[in-house]
Amino acid sequence: MPLTFTAINAAKPKAKPYKLTDERGLYLMVMPTGGRLWRMNYRYDNKQKTLSFGKFPDLSLAKAREVRDIAREALALGLDPAEERKAREREARAKRSETFKIISEEWLDRLTLEGRASKTLAKLRWMVDIAIPVLGDRPIADITVPELLQVLRSVEARGRYETATRLRSTFGTIFRYAIATGRAQRDISADLRGVLIAPKVKHRTAMLEPAALGGLLRAIDTYDGHARHSSLAHPTRAFGGTGLWDDCGPDPPQPGCCRRHGCFTGWSRLD
């Protein structure tokens, strides 16, 4: 006879544990302390086993029956319900260790080991921290495009269009790192190309003073980020040159030249 809610409520603790039996192996174990625990007996591989589901009333009669039915479906497929539950728990633990926050911290640690400048790391950490309140505890593989867009829209709402664009690029790098380490399937930031408000291009006043130009070349030479324009890899081309000695005059290159980028302009002549 199926167990009823009335029978469960009427059950009183006794000196020894006893069962209130439901159907298809499910029963409620009433403990001397007053606790009531859902369990199911089953056979697997010619062995008698018991599966615990939880306690009443945290797990209602209807929910206990649902869990029992899932366990019996696993048995019908030749699977051990207890092992299946352990596998689900392992997967849940793995997801908790694959959150956006954990992976982004791992990515930043990797950049630190690569020797990135402290200013670069501070700026990247600042951008990552924008997303942490919304995405930090989410498994990175479960994050959706609308969730990512929500973070970027919050930046756009403050008029920070350039920051939002750079943040989308940073998200893409983190997602690609997660893909490479087997914790994500795709870079969902790619779906947001063309969605954000394009920042207005600001035209800067041309540098006409030699000293100012020399300072710019030194800044480019020591920049450790990624060039967003090919001219930054060959500074003299940004100023109409070809990067050859002829652009600098007939003299051979000076000791202070920017040879790393292929530019032979002598900075000492621009200071």
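Scope of the values below: all heavy atoms of this structure, side chains included, with no hydrogens, waters or symmetry mates. Starting from 1, each residue takes its place in the sequence as its number.
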Under the side-chain contact (heavy atoms from CB on, under 4.5 Å) rule, collect the residues that match up with [X], sequence neighbours excluded.
X: A87; value: R90
X: E66; value: K63
X: A141; value: none

When clusters are formed by joining ILVMFWY residues with side-chain heavy atoms under 4.5 Å apart, either directly or through shared neighbours, do [X] and [Y] land in the same one?
X: L108; Y: L135; result: yes
X: V134; Y: I143; result: yes
X: L75; Y: I70; result: no
X: V145; Y: V195; result: yes

Listing request: all salt bridge (Lys or Arg N to Asp or Glu O under 4.0 Å) pairs with a residue in [range], at least two apart in sequence or in separate chains.
range: residues 127-151; result: K95-D142, R138-E147
range: residues 15-42; result: D22-R65, D22-R68, R24-D69
range: residues 189-199; result: R186-D191

Nearest non-hydrogen partners of [X] and [Y], listed with the distance:
X: V155; Y: L167; answer: CG2-CD2, 4.0 Å
X: L152; Y: A164; answer: CD2-O, 3.6 Å
X: T21; Y: L3; answer: O-CB, 4.0 Å
X: P133; Y: I130; answer: CD-O, 3.5 Å
X: Y177; Y: R110; answer: CE1-CD, 3.8 Å
X: G78; Y: Y44; answer: O-OH, 3.2 Å

Going by heavy atoms in the side chains, are [X] and [Y] under 4.5 Å from each other?
X: I140; Y: I174; result: yes
X: R88; Y: E84; result: yes
X: T170; Y: S104; result: no
X: L26; Y: W38; result: yes
X: T144; Y: I188; result: no
X: P13; Y: T33; result: no

Residues which pass side chain to side chain donor-acceptor pair (under 3.5 Å) with [X], listed by chain and number, not counting sequence neighbours:
X: T163; value: none
X: R125; value: E105
X: T112; value: none

For this session: Taking atom OH of Y18 as the centre, report whether more than 12 heavy atoms of other residues, nucleotides or ligands fall under 6.0 Å from it.
Result: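 Yes - once you tally the heavy atoms of other residues, nucleotides and ligands closer than 6.0 Å, there are more than 12.
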Exercise. Above 12 or not: heavy atoms from other molecules or residues under 6.0 Å from CZ of R85?
Worked result: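 Check passes, neighbour count above 12.
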For this session: State plainly whether the residues E89 and K86 are in salt-bridge range, i.e. N to O under 4.0 Å.
Result: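 K86 and E89: not salt-bridged.
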For this session: May I ask you to say whether R166 pairs ionically with E162, meaning some side-chain N is under 4.0 Å from a carboxylate O?
Result: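 Between E162 and R166 there is a salt bridge, with a charged N closer than 4.0 Å to a carboxylate O.
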For this session: Report the C-alpha separation of M40 and Y27 in whole Å, then their side-chain angles, then the decisive distance to 0.1 Å, and conclude whether the side-chain contact (heavy atoms from CB on, under 4.5 Å) test is met.
Result: CA-CA 6 Å; M40 185 187 91; Y27 62 91; 5.8 Å; no
For this session: Output yes when a side-chain donor or acceptor of R168 lies under 3.5 Å from a complementary backbone atom of S189, and no otherwise.
Result: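 Such a contact is found between R168 side chain and S189 backbone.
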Problem set entry | Sidechain-backbone polar pair: T173 side chain, S169 backbone, donor-acceptor under 3.5 Å |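 The answer is yes, because a donor-acceptor pair under 3.5 Å joins these two groups.
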Quick one: pull up [atom1] in [X] and [atom2] in [Y] and give me the separation to the nearest 0.5 Å.
X: L111; Y: T120; atom1: CG; atom2: OG1; value: 9.5 Å
X: E156; Y: L196; atom1: CD; atom2: CG; value: 5.0 Å
X: I8; Y: L61; atom1: CD1; atom2: CG; value: 4.5 Å
X: I103; Y: K101; atom1: CD1; atom2: NZ; value: 13.5 Å

Problem set entry | Apart from I102 itself, residues in the same hydrophobic cluster as defined by side-chain heavy atoms under 4.5 Å |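 None, because no other hydrophobic side chain comes under 4.5 Å of this residue.
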Under 3.5 Å, which donor-acceptor pairs do the side chains of residues 47-56 form with other protein atoms, sequence neighbours left out?
{"from": "K49", "atom 1": "NZ", "to": "D80", "atom 2": "OD2", "distance (Å)": "2.7"}
{"from": "T50", "atom 1": "OG1", "to": "N41", "atom 2": "OD1", "distance (Å)": "2.9"}

For this session: Please list, chain by chain and in numerical order, all residues satisfying ring-ring contact (aromatic ring centres under 6.0 Å, His included) with F100, sequence neighbours excluded.
Result: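 With neighbours one apart ignored, the set is F171.
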